[in-house]
Amino acid sequence: MCGRYVLEDIEDISERFKVPPIIGFQRPTFNAAPTQRLPVIFSGGDGSRAVEPLRWGLTPAWRRPDGKGAPALFNARAETVAEKPTFRRLLRAHRCLVPATGFYEWATEGGRKVPHRFMLDDGDLFAFAGLYDPGKGDDADAAFTLLTTRPNDVVSPYHDRMPVILRPDLEDLWLDPDVDEPALLEACYEPYPADQMREHAASTRVNDVRNDDPALLAGDDEGGSPDGANR
DNA sequence: CCAGACGTTGTT
DNA sequence: GTCTGG
DNA sequence: CCAGACGTTGTT
DNA sequence: GTCTGG
């Protein structure tokens, strides 16, 4: 779950998350998908925060030689992330914020896969809880994954998992490099309050990752045929 | 010690 | 059916 | 997550 | 590469 998301307000990231301005490397996206490079915020070590584009989807080292043996890991279950060998080290020292303004989940309606867009009530930026692998130094191997948890009442009609969205007051904790005890992070995994989220049908053009434009956020019916009898 | 898994989601 | 690419 | 490919040789 | 299971 959570294999597609929205990040509209690139220019607000700097102020909202206290990081240097993003210049040049990133555009807003209405259809962020695994394998793409997307902005991620992490602790810079000296108390500062950095923002850089990383690849969505961890590729474990043991997969690399022939490119086989494991799919890209674009989600990690919060319930087990402290135990799984692939994630436990990253949980202790490589947590990150992944800025977004929404995410998609699909409903199958009459044989069609219809994406629904989930967002905060106010449409504001928020942070997914993520883990990142910095790769080997200056490398282009750096990648991230999104944690998932049980769904709240807005999401549960669509899926049995939802991405971990951090309450703003927990963002500092999530990024704090001095916090290396997994138990201290468990409060972060609570499903985001349903009364602060909303949802609506989006365009089926979301399904094809090559589509990336603001009109994806509107449902197919908006301004379309009156009876919804799309071909 | 060596062998084998290592991950999530959705679907059946 | 399963893998790859975005 | 979904969409789309999934293969080789020889010839242009 | 690293962890778990036998």
Side-chain angles (χ1 to χ4, degrees), chain A residues 1-7 25-40 53-94 98 100-119 128-137 139-151 155-165 182 189 191 199 201-213 216-217 220:
Chain A
M1 178 89 161
C2 203
R4 222 62 86 75
Y5 68 84
V6 180
L7 175 56
F25 71 66
Q26 195 72 48
R27 296 178 297 108
T29 175
F30 304 88
N31 205 357
T35 74
Q36 295 176 353
R37 283 167 66 83
L38 296 156
V40 165
L54 305 187
R55 178 185 170 91
W56 184 9
L58 299 177
T59 305
W62 44 266
R63 181 185 194 260
R64 281 171 194 155
D66 56 358
K68 294 184 178 178
L73 307 173
F74 56 86
N75 287 152
R77 295 177 65 90
E79 296 89 337
T80 55
V81 72
E83 303 148 20
K84 298 288 185 183
T86 304
F87 299 128
R88 55 185 300 181
R89 220 179 315 278
L90 299 181
L91 181 69
R92 286 181 176 271
H94 293 284
V98 182
T101 53
F103 63 93
Y104 297 110
E105 302 293 353
W106 276 261
T108 300
E109 300 168 5
R112 305 170 69 214
K113 287 181 177 177
V114 178
H116 286 245
R117 177 204 186 194
F118 296 80
M119 58 194 293
F128 291 124
L131 303 178
Y132 72 100
D133 177 348
K136 307 172 202 141
D139 224 321
D141 288 351
F144 72 96
T145 193
L146 298 182
L147 299 205
T148 64
T149 189
R150 64 187 191 279
V155 178
S156 61
Y158 298 89
H159 276 291
D160 59 0
R161 305 293 296 166
M162 70 178 281
V164 172
I165 295 173
Y189 307 148
E199 163 274 322
S203 169
T204 52
R205 290 193 304 114
V206 170
N207 295 12
D208 190 328
V209 294
R210 291 172 297 189
N211 295 321
D212 186 359
D213 58 79
L216 294 181
L217 303 180
D220 288 341

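Not measured: the values here are computed from a predicted model. Below, chains carry the letters A, B, ... as their sequence lines are ordered, and counting in each starts from 1.
- Taken from OG1 in A/Thr145 to CG in A/Leu73, the straight-line distance is 6.5 Å, to the nearest 0.5 Å.
- A/His116 has its NE2 atom 12 Å from the P atom of D/dC2, to the nearest Å.
- Using N1 to N3 plus N6-O4 or O6-N4 for Watson-Crick, or N1-O2 and O6-N3 for G-U wobble, each under 3.5 Å, D/dC6 pairs with C/dG1.
- Within the 4.5 Å cutoff, side-chain heavy atoms of A/Trp106 are placed close to those of A/Arg4.
- Among the heavy atoms of the strands, none lies under 4.0 Å from A/Tyr104.
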Can you pull every protein N or O that's under 3.5 Å from an N or O on nucleotides 3-6 of chain E?
from	atom 1	to	atom 2	distance (Å)
E/dC3	OP1	A/Arg89	NH2	3.4

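- Side-chain contact between A/Leu131 and A/Leu91: present, with at least one pair of heavy atoms (C-beta onward) separated by less than 4.5 Å.
- Minimum heavy-atom separation, A/Pro34 to A/Gly3: CD-O, 3.1 Å.
- Residue A/Asp220 comes nearest to A/Arg112 through the heavy atom pair OD2-NH2, 3.3 Å, listed as atom of the first residue, atom of the second, then distance.
- Note on A/Thr148: every side-chain N or O is 4.0 Å or more away from OP1 and OP2 of B/dT8.
- Contacts of A/Thr86 with the nucleic acid, taken as non-hydrogen atoms under 4.0 Å apart, involve only primed sugar atoms and P, OP1 or OP2.
- Contact check of residues 203-211 of chain A against DNA chain B (heavy atom, cut-off under 4.0 Å) returns no residues at all.
- Comparing the P positions of B/dC6 and C/dG5 gives a spacing of 24 Å, expressed to the nearest Å.
- Following rounding to the nearest Å, A/Leu58 (CG) and B/dC6 (P) show an atom-to-atom distance of 17 Å.
- Taking atom CZ on A/Arg77 and atom P on B/dC6, their separation rounds to 14 Å, with Å as the unit.
- Atom CG of A/Asp133 is separated from atom P of E/dG1 by 14 Å (rounded to the nearest Å).
- One atom, CG of A/Asp141, and another, C1' of E/dG1, lie 14 Å apart when rounded to the nearest Å.
- The separation of B/dT8 from D/dG4, taken at their P atoms, amounts to 28 Å, rounded to a whole angstrom.
- For C/dC3 and D/dG7, the P atoms lie 12 Å apart once the distance is rounded to whole Å.
- Remark: ring of A/Trp62 stacked against base of B/dC6; centroid gap under 5.5 Å, plane tilt under 30°.
- A/Tyr189 OH to A/Glu79 CD: the interatomic distance, rounded to the nearest 0.5 Å, is 9.5 Å.
- Below 30°, between 30° and 60°, or above 60°: for A/Phe118 and A/Tyr158 the angle between ring planes is above 60°, a perpendicular geometry.
- Regarding A/Leu216, its CG atom lies at a distance of 19 Å from the P atom of D/dC1, rounded to whole Å.
- Within the 4.5 Å cutoff, no side-chain heavy atoms of A/Val209 are placed close to those of A/Thr35.
- Of all non-hydrogen atoms in A/Arg37 and A/Pro53, the two that sit nearest each other are NH2-O, 3.4 Å.
- Without hydrogens or angle criteria, A/Asn31 side chain to A/Val206 main chain gives a donor-acceptor distance under 3.5 Å.
- Atom P of B/dA5 sits at a distance of 32 Å from the matching atom of D/dA5, rounded to the whole Å.
- Taking the six-membered ring where tryptophan is involved, the planes of A/Tyr5 and A/Trp56 are tilted, since the angle between them lies from 30° to 60°.
- In this structure, NZ of A/Lys84 is placed 17 Å from C1' of E/dG1, rounded to the nearest angstrom.
- For the C1' atoms, the distance from B/dA3 to D/dG10 is 45 Å, rounded to whole Å.
- Residue contacts for A/Ala76: at a heavy-atom cut-off of 4.0 Å it reaches the sugar-phosphate backbone alone, with no base atom in range.
- Taking CZ of A/Phe30 as the reference point, atom CG of A/Leu7 lies at 9.0 Å (rounded to 0.5 Å).
- When the options A/Thr204, A/Asn211, A/Asp212 are evaluated for a side chain to side chain contact (heavy atoms under 4.5 Å, CB included) with A/Asp208, the one that passes is A/Asn211.
- If you take CD of A/Gln36 and C1' of D/dC1, they are 11 Å apart, rounded to a whole angstrom.
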Polar atom pairs between nucleotides 10-12 of chain B and protein, under 3.5 Å, N or O only, would you list them?
from	atom 1	to	atom 2	distance (Å)
B/dG10	OP1	A/His159	ND1	2.4
B/dG10	OP1	A/His159	NE2	3.3
B/dG10	OP2	A/Asp160	OD1	3.4

